[in-house]
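Notes for the one structure printed next.
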Amino acid sequence: MLLEVRDLHVEFRTRDGIARAVNGVSYGVDAGQTLAVLGESGSGKSVTAQAVMGILDMPPGRITGGEILFRGQDLLKLKEEERRKVRGAGMAMIFQDALSALNPVLSVGDQLGEMFVVHRGMSKKDARARAVELMERVRIPAAAERVRDYPHQFSGGMRQRIMIAMALALEPALVIADEPTTALDVTVQAQIMDLLAELQREYAMGLILITHDLGVVADVADQIAVMYAGRIVEQAPVHDLYKAPAHPYTRGLLDSIPRLDHKGQELYAIKGLPPNLMDIPPGCAFNPRCPMARDVCRTDEPPLYEVSEERASACHFWRECLHDLDH
Ligand SMILES: Nc1ncnc2c1ncn2[C@@H]1O[C@H](COP(=O)(O)OP(=O)(O)O)[C@@H](O)[C@H]1O
Ligand SMILES: [Mg+2]
């Protein structure tokens, strides 16, 4: 496994109490594979990713347990300096908001080029040439002319391409893309997603794709991990999960995607709100919103049940959920 997160716990100490943001997350991704991490806002997707990247806000954040193995080495045991080296050489992150991730006072050519100057010891001239190549690779029109432009001179979609180019410049083994298309309109979203998928294959990198939108990952992910209240509630190969979810929360998410073949039908929405992370309900955290909840769900926290060799679900009634196809 390229990256393996094991039983990760992260909490935030705030004036109002302790927010348990990540409560025992385990997931992994191999080289050449894409893991989609799905869940509503506030479910701990970004915090988990920040812990992996070593960019967690600490304090108030605190990693209270678990391991983050990158090529078998536990990053949590490394000193900051060693950690930075591993990160620089092996992993990169793509954020939702390119405008705040890019430096506004440097031309995109200088920003891209700097990566090669600093990390590869290239001359400025060679680095500039590589920057243009990269911009062409992410299909920015007229790259040779636009290399002198500043981030704000590009459209949202083009800026996102530039951030992808930045992330891929040093050919990292692992890329984490945190809602990379959320700020873009739908047609541009699809183009960016296609580009990411294409580059992921070409570079054979491990990709963790974080999203709250199940619709955008169907075609590009291999595995999906669904998060709720800082836990993984279902994990499965993407096609299995689409065909038959084994957790009522996943089913709710699937039912809330607009579908062309269901035109005119009212869109389903999961009722209620995600829990307060300072006061997660006992039993299954999803029970107050779950149409299938019974007494045991309010008292016993479900373990991750093995549904098949490749699948797991944290629902006491995963069998029913799986077989109840025409709900
Ligand atoms: N810097 C922070 N300070 C305090 N609490 C935080 C901070 N970052 C995240 N959290 C807590 O962690 C929860 C999960 O956040 P996050 O991982 O960003 O969710 P998402 O699944 O939307 O990416 C938030 O709802 C919040 O309670
Ligand atoms: Mg997030």
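Whatever order the structure lists them in is the order used to number ligands and atoms, beginning at 1.
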Next on the checklist: Pairs of nitrogen or oxygen atoms closer than 3.5 Å, one from G44 and one from ligand 1: do any exist?
Outcome noted: yes

[atom]: which protein heavy atom is closest, and how many Å away?
atom                    : answer
atom 1 (N) of ligand 1  : D57 OD2, 3.4 Å
atom 18 (O) of ligand 1 : S46 CB, 3.5 Å
atom 8 (N) of ligand 1  : F12 CZ, 3.4 Å
atom 14 (C) of ligand 1 : G42 O, 3.6 Å
atom 21 (O) of ligand 1 : K45 NZ, 2.8 Å

Next on the checklist: For the NE2 atom on H119, are there more than 12 heavy atoms of other groups (residues, nucleotides or ligands in this structure) within a distance under 6.0 Å?
Outcome noted: yes

Checklist entry - Heavy-atom count around E81 CD within 6.0 Å, excluding the residue itself: above 12? => result no

Give a yes or no on whether the backbone of [Y] and the side-chain of [X] come within a donor-acceptor separation of less than 3.5 Å.
X    : Y    : answer
Q50  : K45  : no
R161 : V138 : yes
R231 : G24  : no
D74  : I68  : yes
S313 : A246 : yes

Item to check | From R159 atom CZ to D97 atom CG, the distance as rounded to the nearest 0.5 Å | outcome: 8.0 Å

Item to check | Aromatic plane relationship, H247 with Y249 - under 30° parallel, 30 to 60° tilted, over 60° perpendicular | outcome: perpendicular

Distance filter under 4.0 Å to [X] heavy atoms, resulting ligand 1 atoms:
X    : result
L277 : 13 (C), 25 (O), 27 (O)
A21  : 12 (O), 13 (C)
S43  : 19 (O), 20 (P), 21 (O)
S41  : 22 (O)

Next on the checklist: When you measure from the Mg ion (ligand 2) to the N, O or S atoms of S41, does any of those distances fall below 2.8 Å?
Outcome noted: no

Item to check | V47 contact mode with ligand 1 (heavy-atom cut-off under 4.0 Å) | outcome: both

Next on the checklist: Residue-level breakdown please: for P60 versus ligand 1, do any non-hydrogen atoms fall below 4.0 Å on the side chain, on the backbone, on both, or on neither?
Outcome noted: side chain

